[in-house]
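What follows is a set of notes on a single structure, which appears directly below.
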Amino acid sequence: MKYKRACLEAFGYTLPDEIVTSAEIEERLSPVYRRLRLPEGRLELMTGIRERRFWPEDTLPGDISIQSAEQAISAAGIDRGEIGCLIHASVCRDHLEPATACRVHHGLGLSADCVVYDLSNACLGVLNGMLQVANMIELGQIRAGVVVGTESGRPLVENTIRRLNADTTLTRHEIKLAVASLTIGSASAAVVLADREISRTQNRLRASAVRANTQFHALCHSGGDETVGDGMRPWMTTDSERLLHAGVATAKQAFEQFSQELGCDVDDIDKVFCHQVGVAHRRLLFETLGLRQQADFSTVEFLGNTGSAAVPVTAALGIERGHLSPSDRVAMLGIGSGLNVVMLGVDWQASPLEVGDATQRRKRGMQPSLGVR
C-alpha cells in the first residue's frame, strides 16, 4: 500500500511511575524457583529485560489514554474540529462495553461527527489503527485522526506469579510457557495523523505492508475476553521459541513486499522502531532482514514488552531523545501473535515541537538548528 497524503504529525506518551525489576519478580517467585532448582537471574538473562513499569492498581486504561492523546493533539497543534476519527487500539480496555474510545472521545472534547471505536489485534492494534486512519485521509474522508492505546501489565504479571507459586504440579516446560507473561510492562502512546495540506511537519507515510501467517495462531494464547476490570485474572501461555522463529520468518516475507512498496532496499533505511519483545528477538530480526543494529532505538530493557504501545512509545521516546534527523527514511516494524506483521515506512522531516521552535526562531531572526528534540 502506498500513500500520498497521510503524515505522522505527532506522538504522545505516558509511562507509569512504579518500576518493577526482573530481580524483584524472581524474588517473589522464590517458591517455584527453589522447587524446580531454577537459577536466579534467568529472566533478565533470557530476555534482556531488567525492569518494567506498572500503573497503580485499578487504573483504567481510558484515563491514561486521555492523557497521551491530549499530549499528541496539543503537540500537533491541529484544531480539534479537524479530527474525524478516534481509535482506541490496545488489548487492555476499561470494559467489554461500551468501547473505551467513547470515554476517551468525551474526555478529549472531540466533535460529534468524529468516528469513534475500539480496535484490538494483540501487539499490532495501534499500527493497524494508524493504517485505518491513513486510509481515511487518503480517501478524503477525514483531515486528521488519533490512534491511542494503553496497556496494563500488572494483572497478567501478578496472576502469573500467583499461579506459578500455587500450582506445585507445574514442570519446567510448563513454567517456560509462562515466561513471556513475566516480560509484560505498562505504557501508553498516541499518534496523530494528518492530511499533508494541514501538516506542519510533512512526515509523510510513504508505504505499508502486511502479512498474515495464521497457521501459528495458537502459539500465544490468553484466556477469555478479558479487560483490566474488577476481578480479572488473566493467564497466558506462549511458545516463545516457536513464536520467535515463525514471527521473524513472516517478517522476512513482509519485508520483501515492504521494500518494493517503499521503493528502496535495506541499506536505504536509516532508522528503525520495532516491536519490543526481547533482545534475542531483536537480534534475530535484524540479522534476518539485514538491518543495521545502530539504526534501532530500544526500550525493551527498561519498559519490557508493552504490547500495542511498544512501537509508538518507542518512536516517541526516540524522537524525544534525538534518534531521528531530517530526511531519515524510517521503518516501523510490528509483529503480533496470531500471527500478523505490519510495516510502515515514513519519510521523516521534523517533530511538531521542532517546527514550533523553528517558527519562534524565525520570528526572532535566529538560525534553525538541526536535529529532533
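Numbers here are sequence positions counted from 1.
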Basic-acidic side-chain contact under 4.0 Å: Arg42, Glu26: no
Derivation of the side-chain hydrogen bond (donor to acceptor under 3.5 Å, both in side chains) call for Thr47 and Glu44: CA-CA 5 Å; Thr47 66; Glu44 182 175 350; over 6 Å; no
Under 3.5 Å: donor-acceptor pair, side chain of Thr306, backbone of Gly185: no
Cationic N near anionic O, under 4.0 Å, Asp63 to Arg103: yes
Test log, rule side-chain contact (heavy atoms from CB on, under 4.5 Å), inputs Leu86 and Val148: CA-CA 8 Å; Leu86 169 70; Val148 62; 4.3 Å; yes
side-chain contact (heavy atoms from CB on, under 4.5 Å) evaluation trace for Thr288 with Phe286: CA-CA 5 Å; Thr288 301; Phe286 274 60; over 6 Å; no
Hydrophobic cluster membership, Val104 vs Ile87, 4.5 Å side-chain cutoff: no
Within one Ile-Leu-Val-Met-Phe-Trp-Tyr cluster: Leu29 and Leu45, side-chain cutoff 4.5 Å: no
Straight-line distance of Met332 CE to Thr314 OG1, nearest 0.5 Å: 9.0 Å
Joint cluster assignment, Ile175 & Val157, ILVMFWY side-chain distance < 4.5 Å: yes
Cationic N near anionic O, under 4.0 Å, Arg329 to Asp270: no
Side chain Gln71, main chain Gly12, donor-acceptor under 3.5 Å: no
Side-chain donor/acceptor of His88 to backbone N/O of Val116, under 3.5 Å: no
Heavy-atom pair of closest approach, residues Asp328 and Lys271: OD2-NZ, 2.9 Å
Minimum side-chain heavy-atom gap Leu317-Leu303 below 4.5 Å: yes
Crowding at CG, Asp17 (>12 non-hydrogen neighbours, <6.0 Å): no
Shortest non-hydrogen contact from Leu15 toward Ala187: CD2-CB, 3.8 Å
Worked verdict on Arg52 versus Ser22 for side-chain hydrogen bond (donor to acceptor under 3.5 Å, both in side chains): CA-CA 8 Å; Arg52 76 283 292 135; Ser22 292; 3.2 Å; yes
Where Cys92 and Ser152 come nearest, the two heavy atoms and their spacing: SG-N, 3.4 Å
Close side-chain approach of Leu38 to Arg172, heavy-atom, < 4.5 Å: yes
Main-chain N/O of Glu174 paired to Thr171 side chain as donor or acceptor, under 3.5 Å: yes
Derivation of the side-chain contact (heavy atoms from CB on, under 4.5 Å) call for Gln293 and Leu291: CA-CA 6 Å; Gln293 291 284 343; Leu291 292 165; over 6 Å; no
Side-chain (Arg143) to main-chain (Ile198) donor-acceptor, under 3.5 angstrom: no
Aromatic ring proximity Phe273/His323, centre distance under 6.0 Å: yes
salt_bridge(Asp347, Arg206) N-O dist < 4.0 Å: yes
Smallest separation among heavy atoms of Phe258 and Ala331, with atom names: CE2-CB, 4.0 Å
Euclidean distance, Asp94 CG relative to Thr100 OG1, rounded to 0.5 Å: 4.0 Å
Rounded distance (nearest 0.5 Å) linking atom CG of Leu193 with atom OG of Ser199: 10.0 Å
Ser90 (side chain) donor-acceptor with Thr150 (main chain) under 3.5 angstrom: yes
Expected output: side-chain Glu9 to main-chain Pro352 donor-acceptor under 3.5 Å: no
Nearest-0.5 Å distance that lies between atom CD in Gln276 and atom CZ in Phe302: 8.5 Å
From Asp268 atom CG to Asp265 atom CG, the distance as rounded to the nearest 0.5 Å: 4.5 Å
Backbone of Glu27 reached by a side-chain donor or acceptor of Ser30 within 3.5 Å: yes
Straight-line distance of Asn340 CG to Asn213 CG, nearest 0.5 Å: 9.0 Å
side-chain hydrogen bond (donor to acceptor under 3.5 Å, both in side chains) between Thr14 and Ser188, worked out: CA-CA 5 Å; Thr14 309; Ser188 175; 4.7 Å; no
Heavy-atom closest pair, residues Ser186 and Gly153: OG-N, 2.8 Å
Verify same cluster id: Met130, Leu108 (apolar side-chain graph, 4.5 Å): no
Donor-acceptor contact below 3.5 Å, side chain Asn165 vs main chain Arg28: yes
Closest contact, heavy atoms only, Asp118 versus Ala99: OD2-CA, 3.3 Å
Residue pair Thr250, Gln253: steps toward the side-chain hydrogen bond (donor to acceptor under 3.5 Å, both in side chains) verdict: CA-CA 5 Å; Thr250 306; Gln253 296 170 347; 4.8 Å; no
Any side-chain heavy-atom pair of Glu158 and Arg163 under 4.5 Å: no
Test applied, side-chain contact (heavy atoms from CB on, under 4.5 Å); reference residue, Leu333; option that passes from Leu289, Val342, Asp296: Leu289
Contact check, side chains of Phe11 and Glu320, non-hydrogen atoms, under 4.5 Å: no
Pair Arg93 + Glu151: basic N to acidic O under 4.0 Å: no
Shared hydrophobic cluster, Tyr117 / Ile137 (ILVMFWY, side-chain heavy atoms < 4.5 Å): yes
Glu97 CD: over 12 foreign heavy atoms closer than 6.0 Å: no
side-chain contact (heavy atoms from CB on, under 4.5 Å) evaluation trace for His217 with Leu339: CA-CA 6 Å; His217 68 274; Leu339 188 90; over 6 Å; no
Min side-chain heavy-atom separation Leu43-Ile49 under 4.5 Å: no
Leu156 side chain near Leu182 side chain, heavy-atom distance below 4.5 Å: no
Heavy-atom side-chain proximity of Val115 to Met136 below 4.5 angstrom: yes
Note, Arg53 side chain near Val20 side chain (heavy atom, < 4.5 Å): no
Arg5 bridged to Glu197 by N-O distance under 4.0 Å: no
Check: Arg282 side chain, Val277 main-chain N or O, donor-acceptor pair, under 3.5 Å: no
